[in-house]
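Working notes, beginning with the structure itself.
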Amino acid sequence: MSYKVMVVDDELDIVEFVKLVLEEADYRVITAITGEEALRKAQIEKPNLILLDIMMPEMDGWEVLKILKIDENTSQIPVAMLTARTEAKDRLMALQEEAIDYICKPFSPKELIERVETIFAQVGKRPSKPRTSS
């Protein structure tokens, strides 16, 4: 079984880049480009991890995170903030709002995979190598 990761960012090039990197590492990827779309898909898809941008129009990542954490159907899904914001106050807010990690853009593909694997190890869901199909 491969783990399902949702990538939420209003910048399509970032979404596509992260999706490609994660799929290369055998993760299943769901994407969303708005906060509302992310909340809807989180309910339906039940991802194992959400990578969430902070700066999005209409509903920002902080609002999405708060809603995810108070909803009993999504509160157990780990959420990592994936953002260009590097200020200490944002990192602190992420911890206060129960984000499991804070990943700053730009990042390398290797760093992203290592951070995702570390998150799964933290939550007790070590990704198993998927079986190759014939």
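Note: hydrogens, waters and symmetry copies are ignored here, and every other heavy atom, side chains too, is used.
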Note to self: If the condition is salt bridge (Lys or Arg N to Asp or Glu O under 4.0 Å), which residues does D101 pass it with, not counting sequence neighbours?
What the structure shows: R115
Checklist line | CD on E11 to CD1 on I33, rounded to 0.5 Å | finding: 11.5 Å
Checklist line | D9 to V15 - nearest heavy-atom pair and separation | finding: O-CG2, 3.3 Å
Next item on the list: List in chain and number order the residues that pass salt bridge (Lys or Arg N to Asp or Glu O under 4.0 Å) with E37, two or more places apart in sequence or in another chain; answer none if no residue qualifies.
Entry: K41
Check: Nearest 0.5 Å, what's the OG1-CG distance between T83 and D60?
Finding: 10.0 Å
Next item on the list: Describe, in one word, how the ring planes of F17 and F107 are oriented to each other, choosing from parallel (under 30°), tilted (30 to 60°) and perpendicular (over 60°).
Entry: tilted
Check: Does the side chain of P78 reach to within under 4.5 Å of the side chain of L49, using non-hydrogen atoms?
Finding: yes
Notebook entry, point to check: Would you say the side chain of R91 lies within less than 4.5 Å of the side chain of C104, judging by non-hydrogen atoms?
Noted result: yes
Notebook entry, point to check: When rounded to the nearest 0.5 angstrom, what is the spacing between CG in L95 and CG in D90?
Noted result: 11.5 Å
Note to self: A side-chain contact here means heavy atoms from C-beta on lying under 4.5 Å apart; do E117 and Y3 qualify?
What the structure shows: no
Notebook entry, point to check: Does a side-chain heavy-atom distance below 4.5 Å link E58 with T34?
Noted result: no
Notebook entry, point to check: Are L82 and V123 connected in a single hydrophobic cluster, I mean Ile/Leu/Val/Met/Phe/Trp/Tyr linked by side-chain heavy atoms less than 4.5 Å apart?
Noted result: yes
Margin query: Who clusters with Y102? Use side-chain heavy atoms, under 4.5 angstrom, across I, L, V, M, F, W and Y, and order the result by chain and number.
Written below: M6, V8, I30, L39, I50, L52, I54, M55, M56, M59, W62, V64, L65, I67, L68, I77, V79, M81, M93
Check: CG/N48 to OH/Y27 distance, rounded to the nearest 0.5 angstrom?
Finding: 9.5 Å
Item checked: Any Q122 side-chain heavy atom under 4.5 Å of I119 side chain -> yes
Margin query: I need the full list of salt bridge (charged side-chain N to carboxylate O under 4.0 Å, His left out) pairs touching residues 45-55, with sequence neighbours left out, sorted by first then second residue.
Written below: K4-E45, D53-K105
Note to self: Run the salt bridge (Lys or Arg N to Asp or Glu O under 4.0 Å) test against K110 and tell me which residues pass, sequence neighbours left out.
What the structure shows: E114
Note to self: So, using salt bridge (Lys or Arg N to Asp or Glu O under 4.0 Å) as the criterion, who are the partners of K19 when residues are at least two apart?
What the structure shows: E23
